[in-house]
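See below for the structure under consideration.
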Amino acid sequence: MKRSKLVLLAGAVLAVAVAGWFWQGAGADVLGEVDGAQSPSATARTGAGAAGAEADAAGHGPLSAAGLQAWQEKLALWRTRAERTEQLYASYRDNTRYPPDSRPIADHPDQVRPFQPVVEDTVLRRADGSGAKGFRLRTSQERVFLSGAETVKFNIEALDDRGGPLPLVVTSASAQSVPDTRTPVRLI
């Protein structure tokens, strides 16, 4: 049963490839006609030039001036349609592409789960900016984004090198809103 499906799939792919080949114009050149008008290249292959009067193997006579003009008009029409199709495809491709400044989600792991608690583990810093040996500071907050009268829980821990808790006294704390970046700031 699987083999018959594979053969059927291969046949379908082959049929689509042949149809695409004919659609691109190669088939019309092989057949020597475009909607009943013989192509100039087919006329040249059969040896029946514009001035010749002998017929080719299929029984078609040489291409007359009116036939050549009709064939050229049809060819121009199909070229115009092909160009329009290419323009539509290019427009679709360009308008459905990600913006150039977008990045994969792997580059922004904090955006994967925006409401997951945020935990940071850093070295405890002294007033001069140097790190205090044997002390780490772990901070966490319930969430980042708030609105209105929502509340958030902050945790601050002091830890030693082995992860054990150390005494910590918070003498003052404050929270502030981040200014709205959509509002223009006037610099003086």
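- Cluster annotation: L159 is not connected to V123 through the hydrophobic network of ILVMFWY side chains, with a link wherever side-chain heavy atoms come within less than 4.5 Å.
- One finds the CZ atom of R79 at 9.5 Å from the CD atom of Q72 (value rounded to the nearest 0.5 Å).
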Evaluation steps, side-chain contact (heavy atoms from CB on, under 4.5 Å), between I156 and L137: CA-CA 7 Å; I156 302 172; L137 191 63; 3.7 Å; yes

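- Here the straight-line distance linking atom CD of E120 with atom CZ of R136 works out to 14.0 Å at 0.5 Å rounding.
- Distance check, rounded to the nearest 0.5 Å: OG of S91 to CD of E86 gives 12.5 Å.
- The line from CZ of R84 to CD of Q87 is 7.5 Å long, rounded to the nearest 0.5 Å.
- Residue-environment remark: CD (Q69) stays at or below the threshold of 12 foreign heavy atoms within 6.0 Å.
- Atoms CG and CZ, from L88 and R93 in turn, are 12.0 Å apart once rounded to the nearest 0.5 Å.
- For residues 162-175, every residue pair satisfying the salt bridge (Lys or Arg N to Asp or Glu O under 4.0 Å) rule, not counting sequence neighbours, is listed here: D160-R162.
- In this structure, R143 and T151 approach most closely via the heavy-atom pair NH2-O, 3.5 Å.
- The backbone N or O of S130 lies less than 3.5 Å from no partner atom in the side chain of R126, so there is not a single donor-acceptor pair.
- Between A158 and P167, the shortest heavy-atom contact is CB-O, 4.4 Å.
- For E83, there are no salt bridge (Lys or Arg N to Asp or Glu O under 4.0 Å) partners two or more places apart in sequence or in a different chain.
- Across F135 and D161, no two heavy atoms sit closer than the pair N-OD1, 4.4 Å.
- Between R138 and V119 there is a side-chain heavy-atom pair separated by less than 4.5 Å.
- Between K153 atom NZ and S140 atom OG the span is 8.0 Å, to the nearest 0.5 Å.
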